[in-house]
Amino acid sequence: MNRLDNLFSHKKKDTLAIYFTAGFPKLNDTRRILLELDAAGTDIIEIGMPFSDPLADGSTIQASSQKALGNGMSLKLLFEQLKDIRQETEIPIVLMGYINPVMVFGVEAFCKKCQEIGIDGLILPDLPLWEFNNNYKSIFEKYGIHAIFLVTPQTSDERVRILDAASSGFLYAVSVSTTTGSSGRFNKEQESYFKRLSNLKLNNPILVGFGIAESKNFKIANKYLNGGVVGSAFIRAIEKEESVDGFIKSLRG
Amino acid sequence: MKTEKIAIDKRGYYGEFGGAYVPEMLHANVKELQDCYLEVLADPAFQKEFRSLLKNYVGRPTPLYFAKRLSAKYDTQIYLKREDLCHTGAHKINNTIGQILLAQRLGKKRIIAETGAGQHGVATATVCALMGLECIVYMGKLDIERQAPNVARMKMLGATVVPALSGNMTLKDATNEAIRDWLSNPSDTHYIIGSVVGPHPYPDLVAKLQAVISEEILEQLPEQTGRKLPDAVMACVGGGSNAAGAFYHFINEPSVQLIAAEAAGLGVHSGETAATIALGKPGVLHGSRSYLIQTDDGQVVEPYSISAGLDYPGVGPLHAHLAATKRAKYFPVTDEEALKAVVELSRLEGIIPALETAHALALLREIKFKKEEIVVICLSGRGDKDLETYMKYLM
């Protein structure tokens, strides 16, 4: 069973996914950070595959990506770093990144590698739905990799359902149309958007991402949906060498 | 308006190149444009306004000028399509006039743009002033320094120029910032892309708006030469909008050679280059699949060219398709060769071209034409913005 499905079969609320950039702050930190997050009680690990031109990312993740690439990070190296990870943890792992490096690696070769390592899902924000459905869906399915799509406050109910149907594992609800790393407390408009998504009774669990930096917004996400994803705030914390355990505890409030 | 010359499918693919690789945040905006652009372009009211502004505001048609002394030097018949005489000094305004009218029809209140050499930034700032719309132009910090006159012009026109500080701080990085702005402001903002790049429908939209260049050549050439078609059309390519416009109506005329110059910087294999067709492999950047200068790991390589307008690691998907199918030929031209061509045209014809344009002119040294052959070169822009670079070179 895919580890994401396994998780959501018993966990309906307060699901915490943490994003961090592979190869950051130091090249070989990927595995250490993953295991520390697991030990601290994270539910899902989202590993960012750094890209030179991350269009959907704000300054924090851009800078971490650039640093990671400067450190020598690559997809090949990431797969090397994660090689025996399943001997140590069964936490669901999702890779997130941009389509170009994956296409250059070869989508089938990439999915095959993911299966060998035990990666559970992929988030590729600039992969168009049409391309996925017509060219890649069968490959993802062949290797048991869940495709996770994004929805935004501007996405119509009809399209949310289409994206839900294309997704497996979970659906990623972007809290506000912007790049990653936005801040400020979720407002009424965002709450009504979460409520709208909740009322659609979709097939997939829904995690809220973009704009969760502390426990207040995480609580609001949990009030309506299945949990949240934290990225930029965690990157800032590990950059300052804060305790991973302390960070997770404070998020959980 | 004759526009249906290029085979593009409904998802925006020219063969294997094109498409719309955008995150969900931009889905609605891009879809809205895809659904309406052909209808808007075909609307007689749009065409009337567009044509009237091109004539009375931009100064079209631009002359097709027989360059007598240049022709004598290269022993062939060279005609220059004088896009440098457009209002604001380059072909870029053909596109911005069209897109500002489109933005108005979509009810957008805020306009953003990226710019390299600043010509597209100036052309966007100009039409925003004309229509009374807010204008924000993203420009790499390096380009702000090397194209200072255009930065001043944008400011005079009331635009806000925002420096892009990532990467090499050039055109690619400015485009990243413009896209980030757009996905953060999806409802009130229209993004006027300056070249035949970006997600579908931009490559086709911009090509169709620039197609006026070849449309006029088709009208002017018989009047001056008695010949219906030229033997060759040449242009420079960064993203490739002036080349797309100059080639457009000749793409299905196999007797017309289509020849483009891309920026080789210090040399194709120097590591300091923007010669995308020579070095690129298929890849996705800024919303479409095209050739891209990238590492084996799929990371985009920072480009280099002395010319800010050609300093870009990608190229429009139309050009990738024309190159892959061998319909057009793309030649790399170095900084040094371009600078020589600048001086040559200035001294032989009294026309100071932009650095970008000079790359196309430099091909005259590389490619030998017969005496009776007619070669049309798209003189895409004037060199005022580059005078500081030229002065340094002359010393």
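Order of the sequence lines fixes the chain letters, A, B, ..., with proteins taken first and strands second; residue numbering starts at 1 for each chain. All heavy atoms count here, side chains included; hydrogens, waters and symmetry mates do not.
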Would you say the side-chain atoms of [X] pair up with the backbone N or O of [Y], donor to acceptor, closer than 3.5 Å?
{"X": "B:Asn29", "Y": "B:Pro186", "result": "yes"}
{"X": "B:Glu177", "Y": "B:Ala174", "result": "no"}
{"X": "A:Arg31", "Y": "A:Gln81", "result": "yes"}

Determine, using ring centers only, whether A:Phe132 and A:Phe140 are less than 6.0 Å apart.
->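 Yes, ring centres under 6.0 Å apart.
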Identify the residues of residues 192-204 of chain B whose heavy atoms come closer than 4.5 Å to a heavy atom of chain A, ordered by number, or report 'none'.
->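 Listed by number: none.
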For the residue pair [Y] / [X], report whether a side-chain donor-acceptor contact shorter than 3.5 Å exists.
{"X": "B:Asp143", "Y": "B:Gln147", "result": "no"}
{"X": "A:Glu191", "Y": "A:Tyr224", "result": "yes"}
{"X": "B:Tyr191", "Y": "B:Glu114", "result": "yes"}

Pairs flagged by salt bridge (charged side-chain N to carboxylate O under 4.0 Å, His left out) wherever residues 158-172 of chain A is involved - sequence neighbours left out =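 Applying salt bridge (charged side-chain N to carboxylate O under 4.0 Å, His left out) to every pair that reaches into residues 158-172 of chain A, excluding sequence neighbours, yields A:Arg159-B:Glu24.
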Which atoms of A:Pro54 come close to chain B, meaning under 4.5 Å heavy atom to heavy atom: side chain ones, backbone ones, both, or neither?
->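 Contact with chain B involves both backbone and side-chain atoms of A:Pro54.
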Chain B contacts: which residues in residues 21-30 of chain A have a non-hydrogen atom closer than 4.5 Å to it?
->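 None at all.
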Check side-chain hydrogen bond (donor to acceptor under 3.5 Å, both in side chains) between B:Asn168 and all other residues, then give those that pass, not counting sequence neighbours.
->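 With sequence neighbours excluded, B:Asn168 shows a side-chain hydrogen bond (donor to acceptor under 3.5 Å, both in side chains) to no residue whatsoever.
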Heavy-atom distances under 4.5 Å only: say whether B:Asp181 touches chain A with side chain, backbone, both or neither.
->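 Nothing of B:Asp181, per the 4.5 Å heavy-atom cut-off to chain A.
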